[in-house]
Every structure is written in structure tokens, then in C-alpha cells.
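Right, one structure below, let's go through it.
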Amino acid sequence: MAGRHTNLALLALLAATLVTGGLAYATGTGLALWVTAAHGAAGLALVLLVPWKQVVVRRGLRRRRTSRWASVALGVLVTAAVVTGVLFSTGVNLRYGPLNAMQVHVGSALLAIPLAAQHVWTRPQRVRAADLSRRNLLRAGGLAGAAAVAWVAVEGGSRVLRLPGRSRRFTGSYERGSFDPQAMPATSWIDDRAPDTDRAAWALSVRTRAGERRLSVADLDGGDEVTAILDCTSGWWSEQRWRGTRLDRLVGDAAGRSIVVKSATGYRRRLPMRDAARLLLATRLGGDPLSPGHGAPVRLVAPGRRGFWWVKWVDEIVVDDRPWWWQPPFPTT
């Protein structure tokens, strides 16, 4: 099997891990369980192909191509992504200095993308009709089955050995500080940082076709309350009680297809207009005013969505005619 078929299988698996990894990163509902399982199985399938890939690698290194070190770097990054993924999912190792295992896992995968693209460009593998033969399809099915068994073994082993990973949420995240705001981590997306906000002078701008309104923190410190899980893409989740004002009370019956929620830092997310009644502009967490790290004076609470949708330090709401998906799937900054 070592050779072209191995390379094609690895290429397909790398694509599968990237797609399922992106979906798992974005999904906050029960669907994430199946996506996360598929992601884990695809990653373990890469490991199962190592014996055959070693033969290909040895042959390639003997040719002394100028690009071989890029290929070696690609192998190192893919190995790091797989190893840190397993260590995170089992809970054996959750931190590497200032970074957690999820950040190393995702970072390694993202760094591997341009190297993988360059590898495919310099070593193209064309799919032939014979590759779809019954024999090869059976091999692919056998690999998929073995990967599924390996995933079940890792998950089952975590439970038998009582490793921390046995208690992960279906998204893969670990519980941190539920109903204890002081123990809940305060994290932000990439380079977002808490602004220096004067609570007394702060105002929220709400813009619709009818015009603009400006509201103070006191105006938003209402009686709407929701208990919701914040599931952060850095690998933790926390269930808390949030209080403030529902978004539908602010936009009313304004015409539009989406609501853009903007932060004082420039960070923003666009959400469907139909979700307005489920979205909360929170001013309090666990009964107390929000802290700066948790988005004071006002943050968005978006139940059922991953943490990067929960915009902090909100200072503007805009009702827009564009659809909610008219934005990058993940914030770029």
C-alpha cells in the first residue's frame, strides 16, 4: 500500500480533519458530538497510516529535493496537532507553558495548511479510475473502521482509567467555574483586549431604519435573565446566570435580516434577526455587575453558540438588510 495510495489517503484525511475541525470549532449544539467524533477518528486514521508513510518518507529523503525540509516541517506540525489533540481529549496534558493544548493543537494545524498546499503543488497526486476499484474502496472502509475503533478505544480508555477527558462536554471542552463567576476564565478572541471603559459615560447605540437611540447601562440593567453555557473555543465551558435586556426588546419590529453586534474594540458578529428573542445584552453575571474581563459594562449572551459569538464590551447594535452569514465564518481579529 505504501506509495501513491498512501499519499492520496493522507491527503483526504488531512482535508477531513481540517473540515471537521473547523465545524467542531464553530458548532455549539448536539451536532458537535458527531463532528467531534469524526474529527477525532480522522486524526487517529492519520496515525494508522504511519507505517506505510514511513516507507514513502525514506524514499523521498534519499532524493534530496530542496523542498524536503518543508515536507519534514509539515510532518512535524501534523504530528504535533495529532499528539496535542489526543493529550487534550484525554486530559493527560492541558497546558504547555502560557498555551493550552487546544491552542497548540489548532495552531499546529493552521501552520500546516500552507505547507500542505505547497507539498501537494510540488508532488501532485492524480486520482485515477483504478483508485476507485472495489479493492481500494474496501481498504478505505477498513481504514475508516479501524479509525472508529481507535477513537472508541481512546474515549473508553479515558473512562476506564478515570482520566479528566471522561467528563468533557460534547464539544470537547472542560468545565470551568460553573455558577462561580470568579472562577470562570476571562478569555478573548486572538488579539482582542479589554478596553478602558468609563461605565458612567458609556452608551449603547441602537441603529435601525427608524433612526438611532442611545441607552445607558441603567437602561439595559433589566429583568431578563437566562442561564446559559459559555463554551469557549480555547477548550472550556461554564454555565452561568446572566441578566440584562433581551435584544428583541431593543430592536422591536425593525425591518432587517440580521443584527450586527459591535464591540468597542472593533470586534463584531452578525446574527440572524429571528434569534433576537434568544439573545441577551447582559449587564450582570451571577447577580453582580460584569467585570472588565467578562465584558463590562455590556456583553452579548448567545445561548447555543460558541464563545466567539458572545461579543464583549458591546457599544453598538445595527439592524441590517444583509443575511447573517455575510461575514467570515470566524472573526479575523
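Everything numeric in this text was worked out from a predicted model, so none of it was measured.
- The CG atom of Leu23 lies 11.0 Å from the CG atom of Leu18; values are rounded to the nearest 0.5 Å.
- Nearest heavy atom pair, residue Trp202 against residue Ser216, reads CZ3-C, 4.0 Å.
- With hydrogens and angles disregarded, no donor-acceptor distance shorter than 3.5 Å links the side chain of Arg159 to the backbone of Gly156.
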Take Glu316 and Arg207, measure what salt bridge (charged side-chain N to carboxylate O under 4.0 Å, His left out) needs, and give me the verdict at the end.
CA-CA 8 Å; Glu316 188 175 13; Arg207 292 197 289 123; 2.8 Å; yes
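- For the atom pair Leu44 CG and Leu13 CG, the distance stands at 10.5 Å (nearest 0.5 Å).
- For the pair Arg243 (side chain) and Glu225 (backbone), a donor-acceptor distance under 3.5 Å is absent.
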Test side chain to side chain contact (heavy atoms under 4.5 Å, CB included) on Val78 and Thr17 and set out the steps.
CA-CA 11 Å; Val78 171; Thr17 55; over 6 Å; no
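- Ion pairing between a basic and an acidic side chain is recognised when a charged N comes within 4.0 Å of a carboxylate O; Arg168 and Glu155 show such pairing.
- Under a hydrophobic clustering in which Ile, Leu, Val, Met, Phe, Trp and Tyr are joined whenever their side-chain heavy atoms come within less than 4.5 Å, directly or via other members, Leu87 and Leu161 fall into the same cluster.
- In this structure, Arg268 and Val311 have side chains that are not in contact, with every pair of non-hydrogen atoms separated by 4.5 Å or more.
- A distance-only check finds a donor-acceptor pair linking the side chain of Glu175 to the backbone of Gly177 [under 3.5 Å].
- At a threshold of 4.5 Å between non-hydrogen side-chain atoms, the residues Thr245 and Leu215 do not count as touching.
- When all heavy atoms of Arg284 and Pro289 are compared, the closest pair comes out as NH1-CD, 3.4 Å.
- With contacts defined as side-chain heavy-atom distances shorter than 4.5 Å, the pair Leu300/Leu271 qualifies.
- Note on Leu46 and Leu115: same hydrophobic cluster, where clusters join Ile, Leu, Val, Met, Phe, Trp and Tyr whose side-chain heavy atoms are under 4.5 Å apart, directly or indirectly.
- Between the CG atom of Leu279 and the CG atom of Asp248 there is a distance of 8.5 Å, given to the nearest 0.5 Å.
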Any chance you could lay out the salt bridge (charged side-chain N to carboxylate O under 4.0 Å, His left out) test for Asp321 and Arg257, step after step, and finish with the verdict?
CA-CA 5 Å; Asp321 288 331; Arg257 299 173 65 186; over 6 Å; no
Apply the test ring-ring contact (aromatic ring centres under 6.0 Å, His included) to residues Phe308 and Tyr267: give CA-CA distance (whole Å), side-chain angles for both, the deciding distance (0.1 Å), then the verdict.
CA-CA 10 Å; Phe308 64 88; Tyr267 185 97; 8.2 Å; no
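- For the side-chain contact (heavy atoms from CB on, under 4.5 Å) test with Leu247, the passing option among Val301, Asp275, Leu281 is Leu281; the others fail.
- Here the side chains of Asn100 and Gln103 are in contact, with some heavy-atom distance below 4.5 Å.
- Contact record, Tyr96 with Thr84: OH-CG2, 3.8 Å, taken as the closest heavy-atom pair.
- In terms of modelled atom types and a separation under 3.5 Å, the side chain of Arg249 and the main chain of Gly252 share no donor-acceptor contact.
- Under a 3.5 Å cut-off, the side chain of Thr27 and the backbone N or O of Ala32 do not form any donor-acceptor pair.
- By the 4.5 Å heavy-atom criterion applied to side chains, Thr265 and Arg193 are not counted as neighbours.
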Any chance you could lay out the side chain to side chain contact (heavy atoms under 4.5 Å, CB included) test for Val261 and Arg269, step after step, and finish with the verdict?
CA-CA 6 Å; Val261 182; Arg269 292 308 285 166; 5.6 Å; no
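- In the hydrophobic clustering of ILVMFWY residues, with side-chain heavy atoms under 4.5 Å counting as a link, Val86 and Val92 come out apart.
- Counting only heavy atoms from C-beta outward, the side chains of Arg134 and Leu138 approach each other to under 4.5 Å.
- When the side chains of ILVMFWY residues are joined at heavy-atom separations under 4.5 Å, either directly or via intervening members, Phe88 and Val106 end up in a single hydrophobic cluster.
- Considering CG of Leu94 and CG of Leu99, their distance stands at 13.0 Å, rounded to 0.5 Å.
- When hydrophobic clusters are built by joining Ile, Leu, Val, Met, Phe, Trp and Tyr residues whose side-chain heavy atoms come closer than 4.5 Å, directly or via intermediates, Trp52 is grouped together with Val82.
- By the neighbour-count criterion of 12 heavy atoms within 6.0 Å, atom CG of Asp253 is sparsely surrounded, having that number or fewer from other residues, nucleotides or ligands.
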Do Val251 and Met273 pass the side chain to side chain contact (heavy atoms under 4.5 Å, CB included) test, and can you show the C-alpha distance, the side-chain angles, and the key distance before you say yes or no?
CA-CA 9 Å; Val251 301; Met273 187 69 169; 4.0 Å; yes
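- Note on ring orientation: taking the six-membered ring where Trp is involved, the planes of Trp189 and Phe330 are parallel (angle under 30°, cut-offs 30° and 60°).
- Heavy atoms only, all atoms of each residue included: Pro164 and Gly91 are closest at CG-O, 3.7 Å.
- Under a 3.5 Å cut-off, the side chain of Ser173 and the backbone N or O of Arg169 do not form any donor-acceptor pair.
- Among all heavy-atom pairs drawn from Arg214 and Ser205, the shortest one is NH1-CB, 3.8 Å.
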Between Trp236 and Leu230, does the side chain to side chain contact (heavy atoms under 4.5 Å, CB included) criterion hold? Intermediate values first, please.
CA-CA 8 Å; Trp236 59 268; Leu230 171 55; 3.8 Å; yes
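- A donor-acceptor contact shorter than 3.5 Å is absent between the side chain of Lys312 and the backbone of Ser263.
- In this structure, Trp310 and Cys232 have side chains that are not in contact, with every pair of non-hydrogen atoms separated by 4.5 Å or more.
- Put simply, the side chain of Ser234 does not reach to within 4.5 Å of the side chain of Met102, judged on heavy atoms.
- No side-chain donor-acceptor contact under 3.5 Å links Thr36 to the backbone of Ala24.
- Between atom CG of residue Asp180 and atom CD of residue Gln240 there is a gap of 7.0 Å, rounded to the nearest 0.5 Å.
- Separating the CH2 atom in Trp325 from the OG atom in Ser258 is a distance of 10.5 Å, to the nearest 0.5 Å.
- Looking at Trp324, its side chain never comes within 3.5 Å of a backbone N or O of Arg270 through a donor-acceptor pair.
- Pairing each heavy atom of Pro297 with each of Leu290, the nearest pair is O-CD1, 3.8 Å.
- Within 6.0 Å of atom CD in Glu212, more than 12 heavy atoms from other residues, nucleotides or ligands are found, so the atom counts as buried in its surroundings.
- For the pair Arg199 (side chain) and Val217 (backbone), a donor-acceptor distance under 3.5 Å is absent.
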